[in-house]
Amino acid sequence: MIAFQGPEDIEFWRPHEIASIMPEFRNWWRGVRSDGRVAHRPTPPPSGPYVPHAGGFVNSRFLVEQDGRWRDPADFLLPGGPIPDSPPEPESPVVAGLGLRADQVCALHKVEYKQDVIWSTDEGEILWPNIKLQDAAHLVPDLVLFKAGKYINRRRLASVRHVDRDRCFYCLDNGREFKTTPRTPVRERLGLTSTARLEPSMNGRFEVYQLRDWPIDLFKASKEFLRSHFKTPDQLIGHLIWQRFRDRQAGIFKRWGDTYRDFWYCVLSPVLYRAGFLEPSEILREVSLEPKRGKQSPSERLFRRTFHIMLYFVQTWRFFDFHEFGFKDLQPENFTVGKLRPEVVLVTEKDDCLEYAKKLVKEFGVSHYHLGGQPSVLRSEYVAERLLKVLKTIRVIAYVDYDAGGHVIGQAAADQLADRGVEVTRVDFLLREECFSEEEKRLHSHPCKMGSAAHRTKVRRWLERGGGLNGQARGIFASYVEPYARVRGLFLDCLNR
């Protein structure tokens with residue numbers, strides 16, 4: 001039996017029922033069973049009755065020739081060419097004294113307090129008296145010790161269903177289940193390191209989204225197909241993102257938009273509507289990532305989910321980057337490489353700081369990265385790409401509000417650049433408490449946002465790093481610091497630190 005990562009459980013397939021096993025993404029292999037079921041495994045398959053073809057393995061008995069190519073039972077098209085016949089499955093031997101084939105045996109267990117055993121078979125339970133459990137088990141080599149007094153037939157094992165840290169079920173192909181804990185030795189006896197996933201695992205791909213390739217264009221898929229395969233809008237969004245990325249890897253470049261909004265209107269909203277996750281009135285409704293008060297519309301909620309799912313794939317799991325995905329930075333002018341000191345990157349958040357920032361850039365020849373709001377992973381990727389063409393090491397000076405939010409934004413921008421391969425030697429903040437007079441603290445300071453647990457955590461961490469005004473959770477907006485000569489002096493102070 002060969003283990004595969006199925007949509008819900010670890011599955012076990014008989015080698016002779018496998019139609020194709022092909023390499024897919026980052027060493028994971030896609031398996032297609034003779035009935036069209038699709039599952040994956042993280043390592044090449046062990047030797048079996050299939051034959052090599054197109055970098056993978058196939059069983060010609062389950063392939064159909066179509067226009068010079070081969071189609072497997074899941075409708076994936078494989079390269080054409082001759083394929084040798086795979087050997088037939090040998091007949092299972094008859095168990096001596098039982099009168100049944102070994103593959104008709106499901107389990108074997110000892111009768112309590114007696115030297116008797118009971119065979120669980122397709123023909124019912126059969127009692128054998130006066131025989132040791134181990135002696136009976138030796139008659140069927142595929143029996144594996146499940147626990148004291150019980151064996152199961154690995155050739156009849158269909159799946160392992162992990163429930164929680166205390167429960168899992170070993171399920172046979174006839175529907176019978178055997179309950180145990182995930183840590184029992186039977187796991188190792190079956191070659192598993194976990195009952196929840198195959199190792200080395202790819203949790204971000206298989207746990208929630210169950211990302212896989214499809215033999216059809218999901219954008220053109222029928223309502224029936226979408227509704228039968230995707231139970232949640234998040235899962236469908238994830239698969240549309242995944243298919244676009246995988247198509248581009250294969251050199252297939254569709255006109256699916258190069259921004260979040262274009263991708264939403266061109267692809268996501270019409271497919272989500274067809275799948276029943278959006279009403280007709282929501283398809284063309286205005287969507288935005290800008291902060292908005294009040295209740296979100298269904299389309300806006302799913303548009304924002306698209307943004308978070310994309311970041312999950314890009315930033316958390318590193319399946320691809322925005323360049324590979326085909327998204328572009330719509331405002332490349334918001335970053336300039338310095339002509340004299342490109343290794344110094346001045347980071348600004350708000351437009352009302354741009355006038356002074358541009359003067360600093362012109363006078364000192366430093367690089368300038370204007371965020372225009374929250375740091376964007378997409379934009380930082382392109383900024384890092386441009387920086388790495390001229391240098392590898394930078395230092396960041398963040399010209400942002402003096403408060404917990406400004407500190408988080410400045411540090412996040414630096415972290416995003418570092419995350420994309422730029423070495424950040426240090427991060428300085430232009431504004432510090434000692435910059436402000438007591439009168440400014442009294443007239444211009446504002447309380448930090450404390451409305452949520454996340455806000456309170458940010459403020460606490462900022463105060464622990466020396467932020468705040470006179471020990472209080474208060475800050476001052478950067479726009480209050482003027483004139484330019486004062487900002488220039490603070491900038492020189494940062495340069496000389």
Side-chain angles (χ1 to χ4, degrees), residues 289-291 329-380 382-384 386-387 394-417 422 424 426-437 439-441 443-449 458-459 462 465-469 474-497:
L289 294 175
E290 294 298 320
D329 179 7
L330 290 182
Q331 295 177 303
E333 68 278 3
N334 279 359
F335 174 73
T336 55
V337 178
K339 296 180 179 179
L340 299 176
R341 301 192 64 177
E343 75 282 359
V344 177
V345 179
L346 178 65
V347 173
T348 52
E349 173 198 358
K350 296 180 177 179
D351 291 350
D352 53 14
C353 293
L354 276 177
E355 179 186 353
Y356 289 172
K358 290 179 179 179
K359 289 183 177 181
L360 293 173
V361 169
K362 183 177 181 180
E363 181 176 355
F364 296 98
V366 298
S367 299
H368 181 210
Y369 181 13
H370 182 59
L371 304 175
Q374 294 292 321
S376 162
V377 175
L378 187 158
R379 182 169 297 158
S380 292
Y382 281 95
V383 169
R386 291 170 64 184
L387 280 169
I394 65 169
R395 58 174 298 194
V396 169
I397 298 178
Y399 182 13
V400 294
D401 290 340
Y402 180 74
D403 56 21
H407 189 278
V408 168
I409 286 172
Q411 187 63 54
D415 291 344
Q416 287 178 2
L417 295 177
V422 180
V424 181
R426 64 180 293 161
V427 180
D428 288 306
F429 288 84
L430 190 76
L431 305 183
R432 303 175 306 284
E433 182 178 10
E434 57 266 28
C435 302
F436 305 108
S437 67
E439 183 180 18
E440 286 176 317
K441 294 177 184 180
L443 293 176
H444 301 313
S445 69
H446 60 267
C448 293
K449 291 182 180 180
K458 291 177 183 178
V459 171
W462 181 56
R465 294 188 180 102
L469 295 173
R474 300 183 67 84
I476 294 179
F477 293 129
S479 56
Y480 287 140
V481 181
E482 52 183 6
Y484 172 69
R486 182 182 179 189
V487 174
R488 180 182 183 278
L490 294 172
F491 183 75
L492 277 174
D493 184 48
C494 283
L495 280 181
N496 295 329
R497 264 188 235 169

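Computed from a predicted model, the values in this text were never measured in an experiment. Just the heavy atoms: all of them, side chains too, but no hydrogens, waters or symmetry mates, feed the values below.
Partners of Tyr356 under the ring-ring contact (aromatic ring centres under 6.0 Å, His included) rule, at least two apart in sequence or in another chain, are Tyr484. Glu434 meets the side-chain hydrogen bond (donor to acceptor under 3.5 Å, both in side chains) test with Arg432; sequence neighbours excluded. Considering only residues two or more places apart in sequence or on other chains, Leu330 meets the side-chain contact (heavy atoms from CB on, under 4.5 Å) condition with Thr259. Scanning for salt bridge (charged side-chain N to carboxylate O under 4.0 Å, His left out) contacts around Lys441 gives Glu433, Glu438, with sequence neighbours left out. Residues passing the salt bridge (charged side-chain N to carboxylate O under 4.0 Å, His left out) test with Arg488, sequence neighbours excluded: Glu363. Evaluation of the salt bridge (charged side-chain N to carboxylate O under 4.0 Å, His left out) rule for Asp428 yields Arg395, Arg426, Arg497 as partners, not counting sequence neighbours. The salt bridge (charged side-chain N to carboxylate O under 4.0 Å, His left out) search around Glu439 returns none, not counting sequence neighbours. Tyr399 meets the ring-ring contact (aromatic ring centres under 6.0 Å, His included) test with no other residue; sequence neighbours excluded. Qualifying ring-ring contact (aromatic ring centres under 6.0 Å, His included) partners for Phe477, counting only residues two or more places apart in sequence or in other chains: His446.
For residues 364-375, no pair satisfies salt bridge (Lys or Arg N to Asp or Glu O under 4.0 Å), with sequence neighbours left out. Listed by first and then second residue, the salt bridge (Lys or Arg N to Asp or Glu O under 4.0 Å) pairs involving residues 474-487 are Glu440-Arg486 (not counting sequence neighbours).
Here the CD atom belonging to Gln416 is positioned 10.0 Å from the CG atom belonging to Leu378, to the nearest 0.5 angstrom. The structure places OG of Ser367 at 8.0 Å from CD1 of Ile394, a figure rounded to the nearest 0.5 Å. Atoms CD and NZ, on Glu355 and Lys359 in that order, are 5.0 Å from each other to the nearest 0.5 Å. To the nearest 0.5 Å, atoms CD1 (Ile476) and CZ (Phe436) are separated by 4.5 Å. Note that the SG atom of Cys448 and the NE2 atom of His407 stand 11.5 Å from one another [nearest 0.5 Å]. In this structure, the separation between CG on Leu469 and CG on Asp403 is 9.5 Å, given to the nearest 0.5 Å.
Within the 4.5 Å cutoff, side-chain heavy atoms of Phe491 are placed close to those of Leu430. Counting only heavy atoms from C-beta outward, the side chains of Leu443 and Tyr480 never approach each other to under 4.5 Å. At a threshold of 4.5 Å between non-hydrogen side-chain atoms, the residues Leu490 and Val481 count as touching.
Nearest heavy atoms, Ala414 versus Val424: O-CG2, 3.7 Å. Here the shortest heavy-atom pairing between Ala412 and Pro375 reads CB-CG, 3.9 Å. In plain terms, the two heavy atoms of Ser380 and Tyr369 that are nearest each other are OG-OH, 2.9 Å. Residues Val361 and Val366 come closest through the heavy atom pair CG1-O, 3.5 Å.
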For residues 342-352, which side-chain donor-acceptor pairs fall under 3.5 Å, sequence neighbours excluded?
unit_1: Glu343; atom_1: OE2; unit_2: Arg341; atom_2: NE; d: 3.4
unit_1: Thr348; atom_1: OG1; unit_2: His368; atom_2: NE2; d: 2.8
unit_1: Thr348; atom_1: OG1; unit_2: His370; atom_2: ND1; d: 2.7
unit_1: Lys350; atom_1: NZ; unit_2: Asp401; atom_2: OD2; d: 2.5
unit_1: Asp351; atom_1: OD1; unit_2: His370; atom_2: NE2; d: 2.7

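A donor-acceptor pair under 3.5 Å is formed between the side chain of Arg386 and the backbone N or O of Phe335.
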Would Phe364 and Leu340 count as a side chain to side chain contact (heavy atoms under 4.5 Å, CB included) here? Give the steps. CA-CA 7 Å; Phe364 296 98; Leu340 299 176; over 6 Å; no

